[in-house]
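Reviewing the structure listed below.
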There are 2 protein chains.
Amino acid sequence: MSHLPALLQQHFPHLEPALRDELLQKSTHRQLQEGEVVVRTGQFLRSSVLLLSGLLKVYREDEEGNEFLMYFLEPGDACALSMLCAAREEQSAISAQAVTPAQVLLVPLPVTERWLTQYPSWHAFVIGTYRQRFEELLQTLDAVAFKSLDERLLFYLKRHRQVQGDHLKLSHQQIAQELNSSREVISRLLKKLEQRGVLTLHRNFIELHGLA
Amino acid sequence: MSHLPALLQQHFPHLEPALRDELLQKSTHRQLQEGEVVVRTGQFLRSSVLLLSGLLKVYREDEEGNEFLMYFLEPGDACALSMLCAAREEQSAISAQAVTPAQVLLVPLPVTERWLTQYPSWHAFVIGTYRQRFEELLQTLDAVAFKSLDERLLFYLKRHRQVQGDHLKLSHQQIAQELNSSREVISRLLKKLEQRGVLTLHRNFIELHGLA
DNA sequence: ACGCCTCTGTGACAAAAGTCACTGTGACAG
DNA sequence: CTGTCACAGTGACTTTTGTCACAGAGGCGT
């Protein structure tokens with residue numbers, strides 16, 4: 001993986017060089033296939049997860065297998081939960097799955113702990129990560145609490161567009177799952193949106209047009 | 001306020017003595033009346049909030065005045081959001097209101113920033129606070145996303161009991177607001193719970209009995 | 001070509017939640 | 001005592017969402 005240093009520099013420019021060097025030494029690199037699950041609900045975490053390339057989705061699952069999307073992680077992001085849980089070696093409350101092939105660095109918990117005091121840039125990074133995730137979670141919560149399903153669907157599509165562009169490779173079934181609804185309902189709502197000219201439906205993908 | 005040091009020692013025993021001393025010097029003390037709003041949506045925060053006595057509720061409001069309860073803060077807690085927002089002097093996304101008369105300490109942002117590197121116990125406290133709030137928020141999210149209103153009502157009552165005991169001074173209207181529902185619906189559900197023997201309804205308060 | 005499977009569309013119905021309209025009732029001020 | 005007001009209860013109805021049943025359409029292996 002000769003290009004790791006380049007990826008690091010590209011996506012984590014705010015980390016001081018010495019830290020980046022140590023990051024390479026102390027962490028393990030892992031290649032994820034599309035659809036692979038990195039963090040699973042109930043799992044014990046012993047590492048922080050840094051994303052180098054690709055796209056991860058972070059979601060919540062309950063006992064009965066219902067799930068819903070919390071947010072996406074892009075290169076340069078880290079999983080806030082993995083840091084928080086890691087901080088006490090507790091069970092994860094969430095799951096993370098690779099949406100595209102992805103590369104992650106796994107940094108053992110004790111190392112990240114030490115970095116907090118040793119590298120100011122690491123400390124700032126961690127705080128920034130918490131903040132960002134907290135806010136995204138609040139947005140999700142807002143949507144679920146205040147909005148009707150059709151608004152939530154729009155919100156969902158916009159989020160996807162932000163990270164994937166106007167050509168979304170999604171089945172109605174997947175969408176229903178991530179919004180914790182049912183396929184038929186999503187089908188109907190999508191149909192309405194198509195009639196309004198917001199998008200075009202195809203088999204297994206959706207083309208977005210005039211989405212505000 | 002001669003008993004401030006005692007309150008601090010009682011509720012923040014994990015902070016090292018030197019830090020507690022500095023806390024007393026650098027922060028301002030504020031007495032809150034029941035119902036008073038400490039942090040308002042959209043407000044700029046320049047201090048972290050530490051709770052010494054009383055009870056605060058933290059909730060989210062949207063544009064149309066809908067709201068819902070996120071979690072409670074008890075003595076010894078701090079508002080995670082106030083720390084995160086403060087860290088960048090940004091606008092608050094939430095509101096906090098005193099449920100009972102309460103006392104808080106307001107610590108100016110730059111001071112808390114310095115403490116992070118200066119006092120290990122402060123750093124641990126901040127991390128712990130984030131973690132705890134994140135988890136409570138996740139629970140709230142779970143409830144809203146996966147549960148039906150009657151289950152959420154139970155969850156809501158349990159939360160209240162945790163901090164207020166079995167005698168809840170609440171009108172149906174208030175409950176409806178905090179669950180972002182309507183009074184009539186809450187009335188009906190409460191009635192059902194009363195029939196099941198879980199609680200007894202009175203004017204302006206509710207008495208809990210066999211709540212699991 | 002054929003069967004098989006997944007994805008999609010749709011009508012009919014059921015359940016949950018919200019809304020409207022109205023009644024009753026306790027508390028309290030004057 | 002009485003008028004007023006916030007709180008509480010309830011029936012009837014609407015809207016939203018979920019469920020069931022089924023049909024067509026595309027892709028894919030054999």
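Protein chains get the first letters and strands the later ones, always in sequence-line order, with residue 1 at the start of each.
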- Query: Can we call the ring centroids of B/Phe146 and A/Phe68 under 6.0 Å apart?
  - Reply: yes
- Would you mind checking if A/Arg188 and A/Glu184 are paired as a salt bridge, meaning a charged N to carboxylate O distance below 4.0 Å? no
- Derivation of the side chain to side chain donor-acceptor pair (under 3.5 Å) call for B/Gln103 and B/Ser53: CA-CA 5 Å; B/Gln103 297 179 66; B/Ser53 72; 3.2 Å; yes
- Note on the structure: The reported gap from CG in A/Asn180 to CG in A/Asn66 (rounded to nearest 0.5 angstrom) is 4.5 Å
- Query: Got a salt bridge between B/Lys169 and B/Glu34, using NZ or NE/NH1/NH2 to carboxylate O under 4.0 Å?
  - Reply: yes
- What is the distance, rounded to the nearest whole Å, between atom CG of B/Leu201 and atom P of C/dG26? 14 Å
- Query: Salt-bridged, A/Asp150 to A/Lys192, with N to O below 4.0 Å?
  - Reply: no
- Message: Suppose we screen for salt bridge (Lys or Arg N to Asp or Glu O under 4.0 Å). Which residues come up paired with B/Lys26, at least two apart in sequence or across chains?
- Response: B/Glu22
- Residues at least two apart in sequence or cross-chain that pass salt bridge (Lys or Arg N to Asp or Glu O under 4.0 Å) with A/Glu207, listed by chain then number, are none
- How would you label the contact of B/Asp150 with the nucleic acid (heavy atoms, under 4.0 Å): base, sugar-phosphate, or nothing? nothing
- Item | Which residue lies more 5' along DNA chain D, comparing B/Phe205 with A/Leu149 via nearest heavy atoms | B/Phe205
- Note on the structure: In the 5' to 3' direction, the nucleotides of DNA chain D bounding the stretch that comes under 4.0 Å of a heavy atom in chain B are D/dA6 to D/dA12
- Message: Let me check the geometry of the helix from C/dA1-D/dT30 to C/dG30-D/dC1. What is the bend angle between the axes at its two ends, five pairs each, to 10°?
- Response: 30°
Please tabulate the protein-to-nucleotide N/O contacts below 3.5 Å involving nucleotides 20-25 of chain C, giving atom names and distances.
unit_1	atom_1	unit_2	atom_2	d
C/dC20	N4	B/Glu184	OE2	3.2

- Item | Lys/Arg cation over aromatic B/Phe155: B/Lys158, 6.0 Å, 45° cone | no
- Backbone N or O of A/Lys57 within a donor-acceptor pair of the A/Gln97 side chain at under 3.5 Å? no
- Task: Name the orientation class of the two ring planes belonging to B/His160 and B/Tyr156 (parallel below 30°, tilted from 30 to 60°, perpendicular beyond 60°).
- Result: tilted
- Within residues 163-181 of chain A, those residues having any heavy atom closer than 4.0 Å to DNA chain C are A/Ser171, A/His172
